[in-house]
Amino acid sequence: MKGDSLGEFEELVLLATCSLGDEAYANTIKDEVETHSERTYNLSAIHAALYRLEEKGYLNSELGAPTQKRGGKRKRIFQPTSYGIKSLKKNREMRESLWQNIDLKTLRMAD
Amino acid sequence: MHTPPKLPLRIFRKFCSDRYAEEIEGDLFEAYQDWRETRSKLSSNLLYTYTLIRDIILFSKEPSFSHSIFTHMIKHYLKTAWRSMLHEKSFTLINLFGLSVGLASSLMLILLIIEQARKDFDLPDKDRIYKVESNIGINPSEGFLSRTHPGVGPFLKQVMPQVEGYTIVNKNERDLVFTDDEKKNYFTEDFLKADSSFFDIFPQTFLRGNPQTALRSFSDIVLTESAAYKYFGSENPIGKEIEIVSNRRNPFTVSAIVKDPPPHASIQFNLIIPQDIEYGITSPGYDGTNVYLKLAPNTNIPSFEKEANQQIKSVVSGPLMISIKFRLKPFEEVKYDLEIPNDVIIPTDKRLYGIFTTIAVAILLLAIINYINLSAARSLKRGQEAGVRKILGAGKGSFLSQFLTESWLLCLLALPIAILLVESFTPYFEQALNTKLSFRYYSDITFIVCTIGIIFITGLIAGLYPALLISRFSFNQFLKGKISTSSKGQLIRKALVIFQFAMAIILIVGAMIVQRQLNLFQQQKLSYAPEQIVVLDRALSQNFDLIRADVKKLSGIEHVSISTSPPAGNNMRFSTDALNLGQIVQGHNIDEHYAPLLNLEFVSGENFDPKKLSDYTPTVIINETMANLLLEVNPKNAEHPLEVSYPFMYNEEARIQGVVKDFHLESLHEKIKPMVFFYESFNGYNGAFSLIKLNTTNIQETMASIEEVWQKHIPTSPFRYQFLDSRFNNLYTTEMRLGKIFQIFTTIALMVSCLGLFGLVTFIIQSKVKEIAIRKVMGAKITQVLSIFLKEIYWLIGLSSLIGIPIAYWLMNKWLQDFAYHTNIPLSVTLFTVLLMLSIASLTVSMRTLKTARMNPVESLRND
């Protein structure tokens, strides 16, 4: 379904979640995305993306332990589902195959 | 540890969904700690608050049932309203069209009312301004007149402390003449003749000059901005000279420039010249002028009038002046006073507005009735939906909200269409009502409020009935599907249709009668062909005999006559009751060509013959009315009243040498007056009109050669002409406008009611599809099926004719009473109206019914 496909920003968030392992919650994901994309995002945008991804089935989540730095509140740890990983892979393959079709002349235009 | 701001957090906790609240709060708390390390406190707090608000918006709680049921239900109503509108597209279109037209006409109405309310809104103390009217006692049948003795103003100011100020003012058209390169150019302008007190009572905005000095010298002239621009361009006009055709005060010097009177001002003018009459109140005769008084606040008018009359009577001399009775008329009434001619303030016809209002309201009503009938029928069809609602607990209130939402939504949709209609039809209405709508409505708060009000009320009226109707059924009635064939409320709906038809009948009869009266004007039995007779504008000259002779020589000219009194105008030479006949007698000066030119028929006697006229026994021609009056009153007690001499005008006795058949000189509003025609050769210095009867197809060339003759003999006056038929038409502009308005509105009303009928019949048929099918199975023919429906509609039309026709008769009779000569309301008009209604209705019904009646009965029956 069209509404369930992976958006560009969602893909970023999903990738960041995969790379963070057990430490993947909103704040760390935000840092990770920001470092790699070299721009800043509002925390609420990360929240929105995470919960949407979870709704669509790309992510699972569970509540972690409360820490003092969080004012005694628990954090929600996100983990990619196998469907999520599969979708990422599929996206990558699709891109790779598109890349294969670009000739050298076009590639060198940006050099 | 840094503590984040508390207030946003509290709001967040209240509104954020519990599912996310803890973790988001934690995330934000953590982020806040980091921000405080790298940013200022203020910036961190702002960022924290901003992020929280975004989170609240993203993850707010599902609205709980208790506190947002209202918005929830509204959303629901809007959704169902929208769906049902889309579902029945043709009925939505009918309703939309009807409501747009109805709204458009009521918006026009508001525009006109606001326009009226704005009339003279910036005139200070207008409730204290009065016009003096006088009634000449020896001529009581003439009634009160606007033009009165100019001395009344200064005298009352002197003796009555209540008078704060007065102004003496007249208005007429004059021609300005500008000569360039030997060629004379004439321009007709609206002139006011006034003194400087005019500016005290009717203030004007001075661009150059000032009110005190503007009209000081007899040859001063004040121009409006646009007149100044017209004649002098962007030059400074002050001190420039202006010449007025045949005026002894020439040349005039421009002394001041005022702003153009705004369109909402009652007093319109282009130029002002000073008043030159200075009669004291004691002089026995006078040049009639308009006198306006400004009285002190809270003056008691009846006692003021009484005292003023006494004061004036004590100083005046001469039988004429003693007999005059004065009274005051408030400025606000003068503006609408059509009875008493008034040249300074052109009155507006309030009746026209009244008629317009009535018709606009009628059309809105028609549209609303359409809506009520259609949506009632439709809601019955949607019975099952209503039944389910009822089972789920919907009460009267919820049905009300549902239907009101629907009707308001439709009204809102109709509004832009209505505004579009108003925009595109405004020019026609301006033409029809002869007023320029100066008012920019889209930015006016009154207009917007009125519009919203109208939409609100229209929606309320339209939605109320269907809602009440539906809520009266119990839900098992709904579910059994008996609603759509129910007869509940049918009586009301039928009554509404009858009302609709009655209104349409009244409008049609009205339109036809107005048209008949207009035809009567246009085809009034004239003894002459008005389209062949040219009237040259009045001029002062001593060369009229030359004009007459030279024009006669041109080819294509049948007759030329010089006279003071061309038909279709109020140009009587004088009117008097010198003979004490108890009636005003009009006097006209004519030459020997007048009677043959107008093809007047002599009952007895003969036309003037200049060769036979002797200076010793002057003779006159009279009309039949005058002859009858003389026979009846017989002032000289003669045996043969028509054979003795009378002092008709001057003290000189004159013999009657001929009696002509009555003919119309004035409009048909007026009865034919007793007339006396005096012979005048027009070879002295005279002011007169020239009547020329053409006998040619090449009008343009003939007119050009007539103009040449005119230029040769009367170069000082502009050559201006008008054909007699257009002169007559000018007398009836009000009626023609009325005719136009009636035509437009009747068409609209008919269209709206036909659409309503169409919709209604459709629904009746839909609820009777099975009945028709069964009838057909039993052997009924298509014509028999048709006749069932037609019978019902004919009943309705019959009833509405019974209501509508008497009302139409009564209304139109009242209107016709205003004309001295008026058409009747023949039976054929009513018959035609009823037949028209019957045929339109039959057409509508047949169009809808035939389709269903032709259908194979199996199609409609097998569904069960």
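Numbers restart at 1 for each chain; the letters A, B, ... are given by sequence-line order, proteins then strands.
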Under 4.5 Å from any heavy atom of chain A, what part of [X] do you find: side chain, backbone, both or neither?
{"X": "B/Ile24", "value": "both"}
{"X": "B/Tyr32", "value": "neither"}
{"X": "B/Leu28", "value": "both"}

### Query
Does the pair A/Lys75/B/Glu25 count as a salt bridge with the N-to-O cut at 4.0 Å?
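No, this pair does not count.
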### Message
Would the distance check show the side chain of A/Asn27 and the main-chain N or O of B/Asp27 forming a donor-acceptor pair, the cut-off being under 3.5 Å?
### Response
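Pair found, side chain donor or acceptor close to backbone of B/Asp27.
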### Summary
When rounded to the nearest 0.5 Å, the distance separating CZ of B/Phe29 from OG1 of A/Thr67 is 9.5 Å
### Query
If you count heavy-atom pairs under 4.5 Å with chain B, which of A/Ala45, A/Ser44, A/Gly71 comes out on top?
A/Ser44
#### Entry: B/Glu22: which of A/Arg74, A/Arg70, A/Lys73 passes salt bridge (Lys or Arg N to Asp or Glu O under 4.0 Å)
A/Arg74
### Task
Could you verify whether a donor N or O on one side chain and an acceptor N or O on the other, from B/Glu30 and A/Tyr25, lie under 3.5 Å apart?
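Judged by distance alone, the side chains do pair up.
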Taking atom [atom1] of [X] as the centre, report whether more than 12 heavy atoms of other residues, nucleotides or ligands fall under 6.0 Å from it.
{"X": "A/Asp22", "atom1": "CG", "answer": "no"}
{"X": "B/Arg19", "atom1": "CZ", "answer": "yes"}
{"X": "B/His87", "atom1": "NE2", "answer": "no"}
{"X": "A/Gln68", "atom1": "CD", "answer": "no"}

### Query
Can you say whether A/Leu63 sits under 4.5 Å from chain B via the side chain, the backbone, both, or neither, judging by heavy atoms?
side chain
### Query
For the residue pair B/Tyr20 and A/Tyr51, does the interplanar ring angle fall in the parallel (under 30°), tilted (30 to 60°) or perpendicular (over 60°) class?
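Tilted: the ring planes of B/Tyr20 and A/Tyr51 meet at 30° to 60°.
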#### Entry: Student check: side-chain heavy atoms of B/Leu47 and A/Asn42 closer than 4.5 Å
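Touching, per the 4.5 Å side-chain cut-off.
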